[in-house]
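A short write-up of the structure that comes next.
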Amino acid sequence: MHRPVKRIALLGATGSIGRQSLEIISAHPELELVAAASGSQPIDGLAPLTQVGGNLTDLLERAEPDLVLNAVVGFAGLDATLWTLERGIALALANKESLVVAGELAIAAWERGGGLLLPVDSEHSAAFQCLEGRSRESVDTLVLTASGGPFRGKSRDELVDVTPAEALAHPTWNMGPKISVDSATLANKGLELIEAHFLFDLPYDRIEVVVHPSSIVHALIRFRDGAVLAHLGYPDMRVPISFALTYPERAATPIPQLDLAGGLTLEFTAPDLETFPMLALARRAGELGGTNPCVFNAANEVAVAAFLDGRLPFLGIAEVVAETLDAADGAAPRDRDELVEADAEARRLAERGVGVA
Ligand SMILES: NC(=O)c1ccc[n+]([C@@H]2O[C@H](COP(=O)([O-])OP(=O)(O)OC[C@H]3O[C@@H](n4cnc5c(N)ncnc54)[C@H](OP(=O)(O)O)[C@@H]3O)[C@@H](O)[C@H]2O)c1
């Protein structure tokens, strides 16, 4: 069957998601890489249009893509997400931080644009696939699974002296440094909780997080009739990346099929919110709304960078984020510029917190 060529702009092309996306794109002649961006690493010749740093929307204007894969890490992905949603261009979203910080502003841009928003986060891709075509009213709860990260089962005392190298050693996923630390603190699941709230228009009390160490089940939906749909597969980001890039085709990938008879067992437990307070802090920030999710994200970015630099202990990450949330005003942003201001102010507060921690 002849398929029209899809023109792809890949932002964050040198990262963990970016490199896996390049592999998927090169396996499909109907996917054409028209533009690529990185933050600082050179990418000359990777695509007809390339850009290192700078304003990503300039590149997107020139590229005229059919689909933007936003795999930039952190707040830096915000403008590209808003630009793409506003224009009704399909957005494959790995950069969860942009949806978390922009929240209602991003959803309003999405509604005006009317394009596709395809989550790349494995849990949200899974939920999207379980939900597809069903009304929100038919949903009882969305369940996001968390591997629990490298420190699952540890006590707070055991986490006092953990090093960046230990935090980066994720048991099931091989990811960039920021999201790896976020997985170790459970901040990543907190960001995903807020992302899910906006993506699927569900209140926070209908989104549950469970720890599932093997990361085989990515998400579940409990429907009001008592049926539960789950999405299973080996933890490999090429599956949700391929789903988003080739949607609605569900193209073949080189990932092995799930072996059920070989002794697969599925274990689920409640998260330990006392040892890992970032998940509860994210839920609180999400429920408070306004710029609180933006503040949560900014303080987390500052604290994670400080931890990776050896300027903050692991347990200090949650302390800095909690103090920043308490100190920031959290008022709802009227536009993108107010968000940028809230982000900058939260970063100043968080840097001060790192300095005294
Ligand atoms: N990795 C995963 O398995 C995974 C899973 C689910 C969701 N995600 C999400 O996907 C996003 C990317 O994660 P990752 O693990 O791929 O991160 P990563 O390996 O650290 O890569 C980050 C990418 O963003 C680029 N970048 C940073 N600042 C930029 C800027 N100002 N302008 C343009 N590009 C910039 C980097 O370029 P340089 O290399 O030049 O710095 C790099 O290409 C994050 O939001 C993460 O939460 C990742």
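Note that ligands are numbered from 1 as they come in the structure, with each ligand's atoms numbered from 1 the same way.
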For this session: Please work out whether any backbone atom (N, CA, C, O) or any side-chain heavy atom from C-beta onward of E97 is under 4.0 Å from ligand 1, and answer side chain, backbone, both or neither.
Result: side chain

Seminar exercise, completed: ligand 1 to A13, heavy atom cutoff 4.0 Å, flagged ligand atoms 43 (O)

Exercise. What residue and heavy atom of the protein are closest to atom 22 (C) of ligand 1, and at what distance?
Worked result: V73 CG1, 3.6 Å

Exercise. Does a salt bridge link D66 with K6, judged by any charged N lying under 4.0 Å from a carboxylate O?
Worked result: no

For this session: Check each atom of ligand 1 against the heavy atoms of M175 and keep those under 4.0 Å away; list them by number with element.
Result: 1 (N), 2 (C), 3 (O)

Problem set entry | Distance-only donor-acceptor check, side chains T253 and R238, under 3.5 Å | no

Problem set entry | Pair K189 + E123, salt bridge at N-O below 4.0 Å | yes

Problem set entry | Q41 and ligand 1 - part of the residue with a heavy-atom distance under 4.0 Å | both

Exercise. Do the rings of F314 and F151 sit parallel, tilted or perpendicular, given the 30° and 60° boundaries?
Worked result: perpendicular

For this session: Check ligand 1 against G39 and write out every atom of the ligand that is under 4.0 Å from a heavy-atom position of the residue.
Result: 25 (C), 26 (N), 29 (C), 30 (C), 32 (N), 33 (C), 34 (N), 35 (C), 36 (C), 37 (O), 38 (P), 40 (O)

Seminar exercise, completed: Looking at S98, A71, S122, the heavy atom closest to atom 23 (C) of ligand 1 belongs to A71

Exercise. Quick one: does K96 get a heavy atom under 4.0 Å from ligand 1?
Worked result: yes

Problem set entry | Per-atom contacts of ligand 1 with G12, taking only distances under 4.0 Å to non-hydrogen atoms | 23 (C), 24 (O), 25 (C), 43 (O)

For this session: Number the atoms of ligand 1 from 1 as they appear, then name those within less than 4.0 Å of a heavy atom of S40, with their elements.
Result: 38 (P), 40 (O), 41 (O)

Seminar exercise, completed: Which of H218, H212, H124 passes ring-ring contact (aromatic ring centres under 6.0 Å, His included) with H231? Answer is H218

Exercise. Is any side-chain N of the basic residue among D225 and R134 closer than 4.0 Å to the acidic one's carboxylate O?
Worked result: no

Exercise. Does an N or O from G54, backbone or side chain, lie closer than 3.5 Å to an N or O of ligand 1?
Worked result: no

For this session: Begin from the C-alpha positions of H197 and L202 and carry the test side chain to side chain contact (heavy atoms under 4.5 Å, CB included) through to its verdict.
Result: CA-CA 5 Å; H197 163 77; L202 287 170; 5.7 Å; no

Exercise. Nearest heavy atom to atom 11 (C) of ligand 1: which of V72, I17, I179 does it belong to?
Worked result: V72

Problem set entry | Contact partition for A94 relative to ligand 1, non-hydrogen atoms under 4.0 Å | both

Seminar exercise, completed: For residues 108-118, the side-chain hydrogen bond (donor to acceptor under 3.5 Å, both in side chains) pairs (sequence neighbours left out) are E86-R112

Problem set entry | Under 3.5 Å side-chain donor-acceptor pair for E61 and T57 | no

Problem set entry | Option with minimal heavy-atom separation from atom 31 (N) of ligand 1, where the choices are P235, P177, A76, G53 | A76

Problem set entry | Residues V181, L168; criterion side chain to side chain contact (heavy atoms under 4.5 Å, CB included); working and verdict | CA-CA 6 Å; V181 176; L168 292 174; 3.9 Å; yes

Problem set entry | Carboxylate-amine/guanidinium contact K178 D182, below 4.0 Å | yes

Exercise. What protein heavy atom sits nearest atom 7 (C) of ligand 1, and how far away is it?
Worked result: D121 OD1, 3.3 Å

Problem set entry | Proximal atoms of ligand 1 relative to T14 (non-hydrogen, under 4.0 Å) | 36 (C), 37 (O), 38 (P), 39 (O), 40 (O), 42 (C), 43 (O)

For this session: Could you list the atoms of ligand 1 found under 4.0 angstrom from a heavy atom of N95?
Result: 45 (O)

Exercise. Do R347 and E301 meet the salt-bridge criterion of a basic N to acidic O distance under 4.0 Å?
Worked result: yes

For this session: Report, in ascending order of atom number, the atoms of ligand 1 lying under 4.0 Å from any heavy atom of M237.
Result: 3 (O), 5 (C), 6 (C)

Problem set entry | Selection from P42, S183, P119, G176 by shortest heavy-atom distance to atom 15 (O) of ligand 1 | G176

